[in-house]
Amino acid sequence: MTGTDTQTKLVSWNVNGLRANLKKGFLDHFTRLDADIFLLQEIKLQAGQIDLDLPGYHQSWSYASKKGYSGTAVFSREKPLQIVRQVAESVQTSDLDSEGRITACEFADFWLVNVYAPNIQPELARKDFRMRWEDAFRSFVTRLDAQKPVIIGGDLNVAHGEIDLARPRQNRGKPGFSDEERGKMTELLAAGFADPLRERNPDTPGLYSWWSYRANARANNVGWRIDYFLCSRRLMPAVLDTPLYPEVFGSDHCPVGLLVQSAPFAYASAPQRTL
């Protein structure tokens with residue numbers, strides 16, 4: 001485990017364009033949050049477009065082929081053992097990996113998967129792509145979980161339950177709250193993963209991570225929880241806290257956090273299966 005001898009802090013943030021966010025105080029927020037592993041989504045960058053000085057951190061990037069679109073990054077105090085940027089298992093599904101939607105980093109005790117799930121688009125226009133991507137992603141993290149425990153962090157672009165958005169009735173069936181997207185989230189959790197924030201706060205409303213820029217939604221906390229940390233079910237005993245950081249501005253999303261016990265880590269051992 002990275003971090004101190006007793007705990008590791010992870011923070012995830014959809015920055016809605018890293019270059020724009022840098023002009024809105026990103027480095028100050030990064031320093032203040034002081035995470036051992038910092039996950040970014042929607043960086044909207046290509047290789048070489050930014051020179052980010054983060055002393056003490058290793059930088060792992062995954063870029064979309066389309067300029068100014070999507071992309072993910074992981075900044076970690078510990079150097080990953082390896083980095084994976086594809087969920088596809090074959091050339092037939094390689095189109096799923098052209099948008100930089102995952103940066104998966106292997107560490108000694110766990111896999112960290114930074115994810116930016118595809119938006120299903122108005123009228124669910126991208127439903128077929130999203131459903132194929134969801135199935136491939138679930139298969140991918142399940143394969144990793146056979147090796148060692150997995151922590152998933154990022155923008156999953158879905159409010160799973162009615163408690164995860166301010167106006168479920170008005171948004172039922174719409175992008176981010178369609179039956180199809182919610183069903184895929186249920187399947188992911190059923191594959192052996194847990195949602196620590198919701199399990200620790202099963203009846204607490206108002207725990208949102210995204211707000212529309214319209215109608216003072218953020219000031220009135222009319223939001224959605226679409227940014228998550230999930231973990232292998234067997235890691236739940238290690239979870240110490242699941243903070244949200246709504247006071248951090250610079251994006252229409254706020255950062256979300258996960259604090260886990262670093263050692264001992266004996267409960268993290270996985271059954272050995274053939275991949």
Side-chain angles (χ1 to χ4, degrees), residues 1-65 67-86 99-116 150-156 209-210 227-229 231 240-263:
M1 260 295 189
T2 57
T4 69
D5 291 339
T6 58
Q7 57 188 232
T8 296
K9 182 179 182 181
L10 302 96
V11 171
S12 173
W13 193 12
N14 180 320
V15 292
N16 193 16
L18 182 54
R19 285 174 292 180
N21 203 299
L22 281 164
K23 299 174 183 177
K24 301 174 183 178
F26 172 80
L27 291 176
D28 290 337
H29 297 313
F30 180 86
T31 299
R32 184 177 65 82
L33 289 169
D34 192 29
D36 299 300
I37 306 176
F38 209 110
L39 295 67
L40 302 185
Q41 304 87 43
E42 205 171 359
I43 57 174
K44 299 181 179 179
L45 288 171
Q46 289 357 95
Q49 286 190 313
I50 194 172
D51 184 12
L52 197 59
D53 184 23
L54 301 174
Y57 286 86
H58 298 273
Q59 301 183 24
S60 307
W61 301 84
S62 185
Y63 306 106
S65 58
K67 291 184 178 180
Y69 181 72
S70 188
T72 52
V74 173
F75 308 142
S76 57
R77 288 196 166 111
E78 182 177 315
K79 184 178 180 180
L81 300 176
Q82 65 169 312
I83 303 166
V84 178
R85 298 179 174 88
Q86 307 87 30
E99 299 176 353
R101 293 196 173 274
I102 68 158
T103 306
C105 299
E106 183 183 9
F107 297 102
D109 297 318
F110 67 102
W111 274 97
L112 182 281
V113 180
N114 180 18
V115 57
Y116 178 35
V150 176
I151 296 174
I152 301 167
D155 178 357
L156 293 179
S209 64
W210 176 85
D227 302 273
Y228 296 80
F229 271 108
C231 66
L240 302 174
D241 199 8
T242 55
L244 300 174
Y245 303 96
E247 75 281 2
V248 175
F249 285 79
S251 169
D252 48 352
H253 299 249
C254 78
V256 302
L258 182 70
L259 192 66
V260 294
Q261 182 180 347
S262 296

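Starting from 1, each residue takes its place in the sequence as its number.
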- [ ] Quick one: sort the Phe30 and Phe38 rings into parallel, tilted or perpendicular, breaks at 30° and 60°.
- [x] tilted
Task: Side-chain touch Gln7/Leu240, heavy atoms, less than 4.5 angstrom - done: yes
TODO: May I ask you to decide if His253's main-chain N or O and Trp13's side chain share a donor-acceptor pair within less than 3.5 Å?
DONE: yes
Open item on the list: Measuring from atom OG of Ser209 to atom CG of Asn14, what distance do you get when rounded to the nearest 0.5 angstrom?
Closed with: 9.0 Å
Open item on the list: Nearest 0.5 angstrom please: Arg32 CZ to Leu27 CG, how far?
Closed with: 13.5 Å
Open item on the list: Applying side-chain contact (heavy atoms from CB on, under 4.5 Å) to Tyr228 and Ile152, what does each step give before you reach the verdict?
Closed with: CA-CA 8 Å; Tyr228 296 80; Ile152 301 167; over 6 Å; no
- [ ] Start with the C-alpha gap between Leu39 and Phe75, add the side-chain angles, then the distance that decides, and say whether side-chain contact (heavy atoms from CB on, under 4.5 Å) holds.
- [x] CA-CA 7 Å; Leu39 295 67; Phe75 308 142; over 6 Å; no
Open item on the list: So does His58 get a backbone contact from the side chain of Glu78, meaning a donor-acceptor N/O pair under 3.5 Å?
Closed with: no
Open item on the list: Let me confirm one number: the CG-OG1 distance from Leu10 to Thr242, rounded to the nearest 0.5 Å.
Closed with: 12.5 Å
Task: Distance-only donor-acceptor check, side chains Asp155 and Gln41, under 3.5 Å - done: no
Open item on the list: With a 3.5 Å distance limit and no angle check, can you tell me whether Gln46 reaches the backbone of Gly68 through a side-chain donor-acceptor pair?
Closed with: yes
Task: Residues which pass side-chain hydrogen bond (donor to acceptor under 3.5 Å, both in side chains) with Asp51, listed by chain and number, not counting sequence neighbours - done: none
Open item on the list: To the closest 0.5 Å, what do you measure between CG (Leu45) and CG (Leu52)?
Closed with: 9.0 Å
Task: With Tyr63 via side-chain hydrogen bond (donor to acceptor under 3.5 Å, both in side chains) - residues at least two apart - done: none
Task: Check: Asn114 side chain, Leu40 main-chain N or O, donor-acceptor pair, under 3.5 Å - done: yes
- [ ] With rounding to the nearest 0.5 Å, note down the distance linking CG in Leu112 to OG in Ser12.
- [x] 9.0 Å
Task: Heavy-atom side-chain contact between Leu33 and Tyr245 under 4.5 Å - done: yes
- [ ] Determine whether Asp227 and Leu156 make a side-chain contact, defined as any pair of heavy atoms from C-beta on separated by less than 4.5 Å.
- [x] no
TODO: Could you give me the CA-CA distance, side-chain angles and deciding distance for Ile151 and Val113, then say whether side-chain contact (heavy atoms from CB on, under 4.5 Å) is met?
DONE: CA-CA 6 Å; Ile151 296 174; Val113 180; over 6 Å; no
Open item on the list: Test your reading of the model: is there a side-chain donor-acceptor pair from Ser62 to the backbone of Ile102, 3.5 Å cut-off?
Closed with: yes
Task: Pairing residues for Glu106 by the salt bridge (charged side-chain N to carboxylate O under 4.0 Å, His left out) criterion, not counting sequence neighbours - done: Lys148
Open item on the list: For Thr8 and Ser262, which I'm curious about, is there any donor-acceptor pair between the side chains at under 3.5 Å?
Closed with: yes
- [ ] Report the distance from atom NZ of Lys9 to atom CG of Leu258, rounding to the nearest 0.5 Å.
- [x] 11.5 Å
TODO: For Tyr69, check side chain to side chain contact (heavy atoms under 4.5 Å, CB included) against everything at least two apart and list the hits.
DONE: Ala64, Lys66, Glu99, Arg101, Arg126
Which pairs would a plain distance check flag for residues 16-25, meaning a side-chain donor or acceptor within less than 3.5 Å of a matching protein atom at least two apart in sequence or in another chain?
| from | atom 1 | to | atom 2 | distance (Å) |
| --- | --- | --- | --- | --- |
| Asn16 | OD1 | Lys44 | NZ | 3.0 |
| Arg19 | NH2 | Lys44 | O | 3.2 |
| Asn21 | ND2 | Val15 | O | 3.2 |
| Asn21 | ND2 | Gly250 | O | 3.2 |

- [ ] Mind running side-chain contact (heavy atoms from CB on, under 4.5 Å) on Arg85 and Ile83 for me, showing each step along the way?
- [x] CA-CA 7 Å; Arg85 298 179 174 88; Ile83 303 166; 3.7 Å; yes
Task: By side-chain hydrogen bond (donor to acceptor under 3.5 Å, both in side chains) - contacts of Thr103 (at least two apart) - done: Thr72
Task: Min side-chain heavy-atom separation Arg77-Tyr57 under 4.5 Å - done: yes
